Amino acid sequence: MTQRSVRSVLVVLFDGVQSLDVTGPVEVFAGAALQAGHAEGRPDGGRGDADAAYRIRTASLDGGAVRTSSGLTLVPDAALADEPAPHTLLVPGGPGTRDPDPRLTDWLRETAPHAERLVSVCTGALLLAGAGLLDGRRATTHWGVSDHLARRYPAVDVDPDPIYVRDGNVATSAGVTAGIDLALALVEEDLGRDIALTVARHLVVFLRRPGNQAQFSAQLAAQTARRDPLREVQQWITEHPADDLSVEALAGRARLSPRHFARAFQSETGTTPGKYVERVRLEHARRLLEDSAEGVEEISRACGYGTPEAMRRAFVKSLGTAPAEYRRRFRPHTAG
């Protein structure tokens, strides 16, 4: 590895920062640097070496310790003013983004354009937007503040659904763990899939949730039903997407009449049984396309679509792309 391959990562710290927004991506980049060192046969894995894959630094406005939103204290490496523009500038989120120090906004406005890659985690997007760095760009953030981001900064094209969005050299991610997903995607881009996969396994997380995956799974997007029979039906749908999931069949499992079941299901979950089934089947099909070598016909049967054409229509309707194209975009290597 040559000096040119070293990528500096600077993480911005401030009072009220969300600690996981900091430590999640840092663990990914640090783990990747270690694995890259091992791949070159260095016993120390490159830690502390000038030729490490990533050189990670943290900095606050005055170089002093900051208190996170959970009460932890983080001690930075330096003051922001003393740090040169990095390869990757990472801006985490947290309650401290609600009323930031104007000096932080000024520093971001002046320094961020000189970074090769600008990354935000969760509500860190509010800091980037406040510095005018997201104007004219597509971006995402935690679902709970996406409306606020869109209202306060109308020049930003806010997409509240994906777990992360990349627009040129600017990448924004949703809440907390989405910062890990984005960091893994960046490592895969920088150092390759093998190193990213090793880091993901070490952290016991998925290697690659594609950026346009929804922030909520079908179960999380819907409310959990209050009554046991309906909750059990929700779980049954998730575990048996290929079964008969008609209203009549599901009503039978809940021991209710179809009409009563449909009305109660929508009242307690906020969505109709049909729409819930659609989301579960689509989510299951996406996972199989991303993570398995099964053909589209096999997947269509396994997910309850019956035919590849029925699955294709569902994908085009919901995602604007056919299953084969979805697999090509979000599964970089074929299995085996």
Side-chain angles (χ1 to χ4, degrees), residues 9-30 56 58-61 66-72 74 76 80 86 88-101 104-105 107-108 112 115 117-134 137-153 156-167 169-187 200 203 205-206 208-217 220-221:
V9 178
L10 179 62
V11 183
V12 177
L13 301 183
F14 49 87
D15 283 326
V17 70
Q18 161 65 258
S19 58
L20 281 176
D21 288 0
V22 176
T23 58
V26 164
E27 289 292 344
V28 170
F29 288 122
I56 305 164
T58 58
S60 64
L61 270 173
V66 302
R67 193 167 180 82
T68 71
S69 57
S70 61
L72 295 175
L74 300 180
L80 287 171
T88 299
L89 178 60
L90 192 147
V91 181
T97 63
R98 295 172 186 163
D99 186 22
D101 190 314
L104 178 55
T105 302
W107 182 89
L108 286 170
R117 192 160 61 193
L118 183 57
V119 177
S120 71
V121 182
C122 197
T123 56
L126 292 172
L127 296 178
L128 299 190
L133 300 166
L134 298 182
R137 293 186 181 273
R138 181 168 165 259
T140 194
T141 187
H142 189 284
W143 62 269
V145 297
S146 58
D147 286 346
H148 171 71
L149 178 63
R151 288 194 305 270
R152 186 170 181 180
Y153 302 103
V156 182
D157 179 11
V158 179
D159 187 342
D161 195 43
I163 59 173
Y164 61 82
V165 167
R166 301 189 66 179
D167 187 332
N169 71 332
V170 178
T172 53
S173 60
V176 189
T177 58
I180 295 176
D181 292 300
L182 177 53
L184 284 168
L186 298 176
V187 166
L203 296 176
V205 296
F206 290 109
R208 194 167 190 270
R209 289 195 296 170
N212 74 340
Q213 182 171 318
Q215 293 190 34
F216 290 124
S217 67
L220 289 177

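Numbering of residues begins at 1 and proceeds along the displayed sequence. Everything numeric here is computed off the predicted structure, so don't read it as measured data.
- Ala131 meets the side chain to side chain contact (heavy atoms under 4.5 Å, CB included) test with Thr105, Leu108, Arg109, Leu133; sequence neighbours excluded.
- Qualifying ring-ring contact (aromatic ring centres under 6.0 Å, His included) partners for Phe14, counting only residues two or more places apart in sequence or in other chains: none.
- Pairing each heavy atom of Ala115 with each of Asn169, the nearest pair is O-ND2, 3.7 Å.
- For Pro76 against Leu13, the heavy-atom pair with the smallest separation is CB-CD1, 3.9 Å.
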Side-chain donor-acceptor contacts of residues 117-130 below 3.5 Å, not counting sequence neighbours, with atom names and distances?
| from | atom 1 | to | atom 2 | distance (Å) |
| --- | --- | --- | --- | --- |
| Arg117 | NE | Thr88 | OG1 | 3.1 |
| Arg117 | NH1 | Asp190 | OD1 | 3.0 |
| Arg117 | NH1 | Asp190 | OD2 | 3.4 |
| Arg117 | NH2 | Thr88 | OG1 | 3.1 |
| Arg117 | NH2 | Asp190 | OD2 | 2.8 |
| Thr123 | OG1 | Gly94 | N | 2.8 |
| Thr123 | OG1 | Gly94 | O | 3.4 |
| Thr123 | OG1 | Thr97 | OG1 | 3.3 |

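- Annotation: side chain to side chain donor-acceptor pair (under 3.5 Å) contacts of Thr68 (sequence neighbours excluded): Ser70.
- Across Pro92 and Val17, no two heavy atoms sit closer than the pair CG-CG2, 3.4 Å.
- Looking at residues two or more places apart in sequence or on another chain, you find a side chain to side chain donor-acceptor pair (under 3.5 Å) between Thr58 and Asp77.
- Proximity of Val158 to Tyr153: side-chain heavy atoms (C-beta onward) are nowhere separated by under 4.5 Å.
- The side chain to side chain contact (heavy atoms under 4.5 Å, CB included) check on Asp157 picks up Arg138, with sequence neighbours excluded.
- Judged as a side chain to side chain contact (heavy atoms under 4.5 Å, CB included), and not counting sequence neighbours, the contacts of Arg67 are Asp15, Thr73.
- Formation of a donor-acceptor pair under 3.5 Å by the Ser173 side chain with backbone atoms of Ile163 is not found in this model.
- Residue Thr141 forms a side-chain contact (heavy atoms from CB on, under 4.5 Å) with just one option from Leu149, Val156, Val165, Thr172, and that option is Leu149.
- Residues satisfying the side chain to side chain contact (heavy atoms under 4.5 Å, CB included) test with Leu61, not counting sequence neighbours, are Leu80, Asp101, Arg103, Leu104.
- The shortest heavy-atom contact between Thr140 and Ala174 is CG2-N, 4.0 Å.
- With Leu90 as the partner, the side-chain contact (heavy atoms from CB on, under 4.5 Å) test is satisfied by one option alone out of Asp21, Val22, Leu182, Val11: Val11.
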Show the numbers, then the answer: is there a side-chain contact (heavy atoms from CB on, under 4.5 Å) between Arg166 and Leu186?
-> CA-CA 10 Å; Arg166 301 189 66 179; Leu186 298 176; 3.5 Å; yes
